[in-house]
Amino acid sequence: MTHVSDELELYALDALPAADRARVTSHLGACATCREQARRLEEVAFALPETLPAVDVPPRLRERILASARAEVRAPSRQRGTAWTSWAAWPRPGRVAIAGLAAAVLVLAAVDVSLMRQRDAAQAERNEYAELALRASHGGKNWYMFGVDNWAGAGGTLYAPGKPDASAYVVFHDLQPIESGRVYALWLVDAEGRWVRAASFTPNGRVTQAVVLDTNVEAFYQCALTIETSREGKRAGPLVMQSRIAPPSQ
């Protein structure tokens with residue numbers, strides 16, 4: 001009996017043309033040796049997807065890789081004999097092809113994961129800009145905070161929307177990165193000099209960054225930005241940005 005060992009790798013990945021797959025399936029029904037080898041290869045094929053996040057390889061690239069692998073499997077080789085000898089006979093041309101195929105699929109999947117992350121990041125940025133545009137459409141008042149010392153050139157605009165139920169927010173630009181474990185803290189200072197923490201955040205690495213507040217800013221006289229070691233608690237870190245807010249009406 002002629003074995004079909006050199007086609008079982010592609011059979012396990014469901015990569016054989018329909019006619020070849022039907023022929024191999026028919027052979028496996030009568031050949032225990034090839035059937036056991038196919039079972040082991042299918043176990044490997046089933047395990048491969050678990051090693052990476054579930055993503056789809058682009059169809060055209062996948063088809064090119066499979067076509068290349070089929071060509072290698074069908075290429076004549078001086079190493080092929082008239083009879084199959086042992087499952088441990090590694091490497092053989094078919095197994096070299098399947099190893100290359102598996103490696104290529106893993107690389108493509110990793111590239112696809114990277115592209116998906118870039119797409120998700122871009123989508124998040126677009127969503128943030130859309131939200132800012134909606135908030136800005138409400139009108140209202142705004143004040144600009146100037147960066148000081150090493151933060152000169154950076155700044156942030158504090159917005160108090162005209163819509164009563166809309167939260168105040170700040171759009172910062174050119175924020176510098178800070179040490180791990182530290183955060184930017186946005187403060188509102190009242191007429192009696194009390195500092196109220198309105199937000200804590202870390203820089204996102206982009207040119208602009210929006211931070212939404214949960215405090216009515218028009219009840220305060222000043223706003224400021226410091227660097228702190230905790231997301232809660234009193235002010236203790238250096239001042240990097242500040243602005244005066246118009247005092248509340250009497």
- Looking only at heavy atoms, what is the nearest atom pair of L28 and A38, with distance? CD1-CB, 4.0 Å
- Going by heavy atoms in the side chains, are V4 and R23 under 4.5 Å from each other? yes
- When you measure from the side chain of R197 to the backbone N and O of A185, does any donor-acceptor pair fall under 3.5 Å? no
- Message: Would you say that Q242 contacts M145 through its side chain, given a criterion of any heavy-atom pair below 4.5 Å between the two side chains?
- Response: no
- Message: According to salt bridge (Lys or Arg N to Asp or Glu O under 4.0 Å), who are the partners of R35, at least two apart in sequence or on a separate chain?
- Response: none
- Taking all non-hydrogen atoms of both residues into account, name the closest pair between V24 and L8 and its distance. CG1-CD2, 3.9 Å
- Can you name the residues that form a salt bridge (Lys or Arg N to Asp or Glu O under 4.0 Å) with D190, not counting sequence neighbours? R194
- For F172, all residues meeting ring pair (Phe, Tyr, Trp, His ring centres under 6.0 Å), sequence neighbours excluded: F201
- Query: Which residues pass the side chain to side chain contact (heavy atoms under 4.5 Å, CB included) test with T25, sequence neighbours left out?
  - Reply: Y11, R21
- Within-4.5 Å side-chain heavy-atom neighbours: L239 and D149: no
- Message: If I compare all heavy atoms of C223 with all of L158, which pair ends up nearest, and what's the gap?
- Response: SG-CD2, 3.9 Å
- Item | Any R244 side-chain heavy atom under 4.5 Å of W143 side chain | no
- Let me see the working for I245 and L188 under side chain to side chain contact (heavy atoms under 4.5 Å, CB included), right down to the final yes or no. CA-CA 9 Å; I245 301 175; L188 297 173; 4.1 Å; yes
- Flag yes if V189 and L186 sit in one hydrophobic cluster, no otherwise; membership is Ile, Leu, Val, Met, Phe, Trp, Tyr, and two members link when side-chain heavy atoms are under 4.5 Å apart. no
- Note on the structure: Contacts of P203 meeting side chain to side chain contact (heavy atoms under 4.5 Å, CB included) (sequence neighbours excluded), chain-then-number -> I178, Y184, Q209
- Query: Between CZ of R182 and OG1 of T229, what distance do you get to the nearest 0.5 Å?
  - Reply: 6.5 Å
- Which atom of V183 lies closest to which atom of S230, heavy atoms considered: CG2-O, 3.5 Å
- Message: Taking the side chain as everything from C-beta on, heavy atoms only, tell me whether H3 gets closer than 4.5 Å to H27.
- Response: yes
- Between the CH2 atom in W151 and the CD1 atom in I227, the distance rounded to the nearest 0.5 Å is 3.5 Å
- Task: Return the minimal non-hydrogen interatomic distance between F220 and V196, and the atom names on each side.
- Result: CE2-CG2, 3.8 Å
- Query: Under 4.5 Å between any side-chain heavy atoms of Y144 and S243, yes or no?
  - Reply: no
- Plane angle bin for W187 and W195 - parallel if under 30°, tilted between 30 and 60°, otherwise perpendicular: perpendicular
- Query: Is any side-chain heavy atom of V170 less than 4.5 Å from a side-chain heavy atom of T157?
  - Reply: no
- Note on the structure: salt bridge (Lys or Arg N to Asp or Glu O under 4.0 Å) pairs touching residues 219-238, sequence neighbours excluded, are none
- Note on the structure: Taken to the nearest 0.5 Å, the spacing of E36 CD from C31 SG works out to 11.0 Å
